[in-house]
Amino acid sequence: MSSFALRPLAIAPSILASDFSKLGEEVRAVDTAGCDWIHLDVMDGHFVPNISYGPDVIKAMRPHTKKIFDAHLMIAPCDPYLEAFAKAGCDHITVHAEAGPHLHRSLQAIRGLGKKAGVSLNPGTHPSAIEYVLDDIDLVLVMSVNPGFGGQAFIPSAIQKIRQIRAMIGDRPIDIEVDGGVSDKVAGELAAAGANAFVAGSAVFKGGTLEAYKANIAGIRNAAMSARGEVV
């Protein structure tokens, strides 16, 4: 591990992998099962080849938990919709570096709405894309699959990218989140590289019961804690 101060660990189940016929119940279940954040994958069928849900669905989920709503906007353009997601109850709003020509402006708008601002990087995007906005972000989301669908295999090059971003950030209080193919099998290596927030969809929701969710979340957390030298 590096000498930088460790950011708090966060396990963020992706609602995309839940049973959409009972969203409120699923949100309550992963809350009870010990998650830290709720990850909300918003897809527009344009920036990514899939359509998920929008602000109204998030607003309907909001009363079911007090946990952080971590919204990942895979939409372009994103700026016209930032206020709607803020009003729906999102705490973090993450936009893609590749989704528009004015990343700095988008980040200013998110912070102007009183929310934490994040930038997501696709697997083929170099970390230098965030070099000039490091003082304007609270979170970097490294995609370890190509965005658009759940259940994809982890792309190993994400590990080196996380190391590079960790070095770029220095002592800034920025979370490094990773999304795509995350499970207890790779969480340790990701944590050792510098990631502290872990999005997991199928790896959390497999089993379909509260007991399964508890075990799945604990497995990812324990792998990450061990790699960070923390007592499990």
Side-chain angles (χ1 to χ4, degrees), residues 7-48 50-97 99-100 103 105-120 136-141 143 147-148 150 173-180 182 196-201 204-205 210 213 217 221:
R7 299 283 297 158
L9 267 182
I11 311 299
S14 171
I15 290 299
L16 192 68
S18 71
D19 182 344
F20 276 23
S21 71
K22 50 178 185 179
L23 275 177
E25 192 178 319
E26 291 277 64
V27 168
R28 293 195 303 273
V30 290
D31 182 337
T32 303
C35 77
D36 303 286
W37 302 350
I38 305 283
H39 189 75
L40 304 165
D41 287 305
V42 179
M43 306 178 183
D44 64 357
H46 167 71
F47 180 67
V48 291
N50 197 7
I51 297 172
S52 59
Y53 49 78
D56 287 347
V57 172
I58 293 172
K59 186 179 179 182
M61 287 188 255
R62 184 68 274 189
H64 293 276
T65 181
K66 290 186 167 63
K67 296 284 171 72
I68 286 170
F69 266 17
D70 178 47
H72 174 198
L73 304 188
M74 289 168 270
I75 66 177
C78 60
D79 289 11
Y81 304 99
L82 297 175
E83 186 175 4
F85 285 102
K87 286 182 173 176
C90 299
D91 301 291
H92 303 164
I93 300 178
T94 295
V95 297
H96 268 263
L103 178 59
R105 178 184 293 163
S106 300
L107 297 170
Q108 279 183 312
I110 294 167
R111 285 191 155 180
L113 291 162
K115 306 299 179 179
K116 290 197 170 182
V119 177
S120 187
D136 303 285
I137 58 178
D138 303 288
L139 181 151
V140 180
L141 175 56
M143 293 303 298
I174 296 173
D175 290 306
I176 301 178
E177 188 172 16
V178 60
D179 181 2
V182 174
N196 68 287
F198 303 86
V199 178
V204 166
F205 284 100
L210 176 59
Y213 299 169
I217 289 170
R221 189 185 304 282

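Keep in mind that what you see is a predicted model, and the values were worked out from it rather than measured. Just so it is clear, the values below take in all heavy atoms, side chains as well, and ignore hydrogens, waters and symmetry mates.
- The closest donor-acceptor contact from the side chain of Asp44 to the backbone of His46 lies under 3.5 Å.
- Between His39 and His72, the ring-plane angle classifies as tilted under the 30° and 60° cut-offs.
- Checking side-chain atoms of Arg62 against main-chain N and O of Gly89 turns up a donor-acceptor pair under 3.5 Å.
- Residues Ser106 and Asp79 share a closest heavy-atom pair of OG-OD1, 2.5 Å.
- Remark: side-chain polar atoms of Tyr213 are not paired, donor with acceptor, to backbone N or O of Gly34 under 3.5 angstrom.
- In this structure, Asp31 and His64 have side chains that are not in contact, with every pair of non-hydrogen atoms separated by 4.5 Å or more.
- Put simply, OG on Ser14 and CG on Leu40 are 8.0 Å apart, with the number rounded to the nearest 0.5 Å.
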Query raised in the report: Could you walk me through whether Val95 and Leu103 pass the side-chain contact (heavy atoms from CB on, under 4.5 Å) check?
Result: CA-CA 8 Å; Val95 297; Leu103 178 59; 3.9 Å; yes
Requested in this report: Could you walk me through whether Asp19 and Phe205 pass side-chain contact (heavy atoms from CB on, under 4.5 Å), step by step?
Outcome: CA-CA 9 Å; Asp19 182 344; Phe205 284 100; over 6 Å; no
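- Residues satisfying the salt bridge (Lys or Arg N to Asp or Glu O under 4.0 Å) criterion with Arg105, sequence neighbours excluded, are absent altogether.
- Checked against ring-ring contact (aromatic ring centres under 6.0 Å, His included), Phe85 has no partners two or more places apart in sequence or in another chain.
- Annotation for Leu210 and Ala29: closest pair CD1-O, 3.3 Å, computed over non-hydrogen atoms.
- The environment of NZ in Lys116 is sparse: at most 12 heavy-atom neighbours from other residues, nucleotides or ligands sit within 6.0 Å.
- Other residues, nucleotides and ligands contribute only 12 or fewer heavy atoms inside 6.0 Å of the CD atom of Glu83.
- Residues meeting the salt bridge (Lys or Arg N to Asp or Glu O under 4.0 Å) test with Lys59, sequence neighbours left out: none.
- Within the 3.5 Å criterion, the main-chain N or O of Met143 finds no donor-acceptor partner in the side chain of Asp179.
- Listed here is the closest heavy atom pair of Ala200 and Val182: CB-O, 3.8 Å.
- Judged as a salt bridge (Lys or Arg N to Asp or Glu O under 4.0 Å), and not counting sequence neighbours, Asp136 has no contacts.
- For the side chain to side chain contact (heavy atoms under 4.5 Å, CB included) test with Leu141, the passing option among Thr94, Ile176, Val178 is Thr94; the others fail.
- To the nearest 0.5 Å, atom SG of residue Cys35 and atom CD1 of residue Ile11 are 9.5 Å apart.
- The structure places CD of Glu25 at 10.5 Å from OG1 of Thr32, a figure rounded to the nearest 0.5 Å.
- Put simply, the side chain of Ser18 reaches to within 4.5 Å of the side chain of Leu23, judged on heavy atoms.
- In this structure, the separation between CG on Leu73 and NE2 on His96 is 8.5 Å, given to the nearest 0.5 Å.
- Annotation: side-chain contact (heavy atoms from CB on, under 4.5 Å) contacts of Ser52 (sequence neighbours excluded): Leu16, Met43.
- For the pair Ala99 and Ile75, the tightest heavy-atom approach, listed with the atom from each and the gap, is CB-O, 3.6 Å.
- Smallest separation of non-hydrogen atoms from Pro63 and Ala60: CD-O, 3.3 Å.
- Leu9 is not listed as a side-chain neighbour of Asp36, based on a closest heavy-atom distance of 4.5 Å or more.
- Counting non-hydrogen atoms of neighbouring residues, nucleotides and ligands closer than 6.0 angstrom, the OH atom of Tyr81 reaches no more than 12 such neighbours.
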Report task. In sequence, state the C-alpha distance, the side-chain angles, and the governing distance for Asp138 and His92, and then conclude on side-chain contact (heavy atoms from CB on, under 4.5 Å). Result -> CA-CA 9 Å; Asp138 303 288; His92 303 164; over 6 Å; no
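- Partners of Asn50 under the side-chain hydrogen bond (donor to acceptor under 3.5 Å, both in side chains) rule, at least two apart in sequence or in another chain, do not exist in this structure.
- Proximity of Lys115 to Leu82: side-chain heavy atoms (C-beta onward) are nowhere separated by under 4.5 Å.
- The two atoms that bring Ala86 and Ile93 nearest to each other are N-CD1, 3.9 Å, heavy atoms only.
- A distance of 4.0 Å separates CG of Asp175 from CH2 of Trp37, quoted to the nearest 0.5 Å.
- At a threshold of 4.5 Å between non-hydrogen side-chain atoms, the residues Asp70 and Glu177 count as touching.
- Remark: Asp91 CG to Lys67 NZ distance equals 12.5 Å, nearest 0.5 Å.
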